[in-house]
K.L.:
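Dropping a structure here in structure tokens format, bear with me for questions.
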Amino acid sequence: MRDAGALGPPGTAAFDGLALLGPPEGSTVLISGATGGVGAIAVQLAAARGARVIATAKPGSESGFVSALTDAEVTVIDHTQDMTAQIRTAWTRCCTSPATWPNSPRSPATAAPSPPP
């Protein structure tokens with residue numbers, strides 16, 4: 001055997017999760033816990049599929065670790081701060097113009113289902 005590899009449980013979880021989600025090329029994926037085993041592999045797999053990646057990590061070495069996982073651009077946000085504001089900023093930079101962001105049907109502000117009447 002010349003080459004071999006294994007994903008192990010974290011790789012399988014990341015692969016299965018992205019396969020279930022099925023993000024098309026050019027879509028945006030938020031990966032929470034990007035410094036863990038599943039998250040780190042999910043960042044790489046999502047980027048390899050052509051998705052824009054927004055990932056959570058602490059600033060400093062953890063943020064650097066996530067950024068170095070792939071050659072693709074990864075927007076890293078600090079999960080210890082206001083994540084909603086950071087996601088809005090990241091979304092605005094990568095996905096739509098600031099004027100249309102709140103009206104986007106896939107934005108975090110409008111993605112949640114409406115409560116029952």
K.L.:
Can you tell me how far apart OG1 (Thr56) and CD1 (Ile87) are? Round to the nearest 0.5 Å.
P.N.:
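One gets 8.5 Å once the value is rounded to the nearest 0.5 Å.
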K.L.:
Just verifying a value: how many Å separate Ile77 CD1 and Asp82 CG, rounded to the nearest 0.5 Å?
P.N.:
9.5 Å
K.L.:
Return the CD to CD1 distance between Glu73 and Ile54, rounded to the nearest 0.5 Å.
P.N.:
10.5 Å
K.L.:
Are Leu69 and Val74 close enough, and set up right, to give a side-chain contact (heavy atoms from CB on, under 4.5 Å), and what steps lead you there?
P.N.:
CA-CA 9 Å; Leu69 289 171; Val74 176; over 6 Å; no
K.L.:
Please name all residues satisfying side chain to side chain donor-acceptor pair (under 3.5 Å) with Thr80, sequence neighbours left out, ordered by chain then number.
P.N.:
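Residues passing side chain to side chain donor-acceptor pair (under 3.5 Å) with Thr80: Asp78.
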K.L.:
Just distance, no hydrogens or angles: give the donor-acceptor pairs under 3.5 Å from side chains in residues 32-51, sequence neighbours left out.
P.N.:
| from | atom 1 | to | atom 2 | distance (Å) |
| --- | --- | --- | --- | --- |
| Gln44 | NE2 | Ala40 | O | 3.2 |
| Arg49 | NH1 | Leu18 | O | 3.1 |

